[in-house]
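Heads up: the structure comes next, in structure tokens.
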Amino acid sequence: MSKPVIEERENGPLVIKGLTSMTDAAGNAVEVKPVMALCRCGASKNKPFCDGSHSEIGFESRGGEASGKDILLSYQGDDVTVMYNPRVCSHAAHCATQLPDVFDPQSKPWCNPNGAPADKVREIVRSCPSGALSLKEDGHLMPGDRAEITVEKNGPYWALGVDVDVDPAGEGATADKKVLCRCGLSGNKPYCDGTHYNQGWKDS
Ligand code: SF4
Ligand code: FES
């Protein structure tokens, strides 16, 4: 079976074709259609769907400056080596919240793979929605329990196993998991770069 595909519409929505599963920001399953237009300007009154508001607000799908460098960093531990590309990260601190003994943005280096058992580090790398985190030994680990599109509350779309018709976001990125901007503010569209978090963007 072919993968669902996301197409960018210039200065407009994300158009997704062939999706089979989607979860809304409240964790409820969304009825999927063969073709759907998803809001990415942040202004739709019918989120996550496009209602044409992008035209009213003059949304531009390019421009700005991405908030992380495109570089593949390596953090060596005794049992696992964590790889990280800041350009791909949505900077919403999922990893730091769940495993602060390993991922701590206030420390230098920010990642200490020896701060928790290797299995726990692996679990967090697996749950990273963007693929910014991977393991040198095992590459990108895929979560098995997520819808193809998951709408994060007050945040981006998490896309799993969905083709996006733009180049990979950065060095070491995977084609299989990505975080796509929904607020309209990212400097790295169509990818989320964490601006929603820094600017306190809300769904409503
Ligand atoms: S996208 Fe991945 S690396 Fe970035 S904050 Fe979230 S879990 Fe951490
Ligand atoms: S949803 Fe737009 S920057 Fe994250």
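Predicted, not measured: the structure shown is a model, and the values here were computed from it. In listed order, ligands and their atoms are each counted from 1.
- Protein N/O/S atoms found under 2.8 Å from atom 4 (Fe) of ligand 2: C192 SG, H196 ND1.
- Note that CZ of R122 and CG of L135 are 6.0 Å apart. Values are rounded to the nearest 0.5 Å.
- Note: Y84 and Y75 have tilted aromatic rings, judged against thresholds of 30 and 60 degrees for the angle between ring planes.
- When non-hydrogen atoms are compared, ligand 1 lies under 4.0 Å from neither the backbone nor the side chain of F103.
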Would you please test N46 and S44 for side-chain hydrogen bond (donor to acceptor under 3.5 Å, both in side chains) and show each step?
CA-CA 5 Å; N46 188 32; S44 172; 5.6 Å; no

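- Protein N/O/S atoms nearer than 2.8 Å to atom 6 (Fe) of ligand 1 total 1.
- Separating the SG atom in C95 from the CG atom in L133 is a distance of 5.0 Å, to the nearest 0.5 Å.
- Taking the side chain as every heavy atom from C-beta outward, V5 and I16 never approach each other to under 4.5 Å.
- Ion pairing between D145 and R126 fails under the 4.0 Å rule for side-chain N and carboxylate O.
- Short contacts between ligand 1 and Y84, defined as distances under 4.0 Å to a heavy atom of the residue, involve ligand atoms 3 (S).
- The backbone N or O of N11 lies less than 3.5 Å from a partner atom in the side chain of S61, making a donor-acceptor pair.
- Listed for the R87 side chain is no donor-acceptor partner under 3.5 Å among the backbone atoms of L72.
- Using a 4.5 Å cut-off on side-chain heavy atoms (C-beta onward), L160 and T150 make no contact.
- Looking at K153, R182, K47 one by one, the single match for side chain to side chain donor-acceptor pair (under 3.5 Å) with D203 turns out to be R182.
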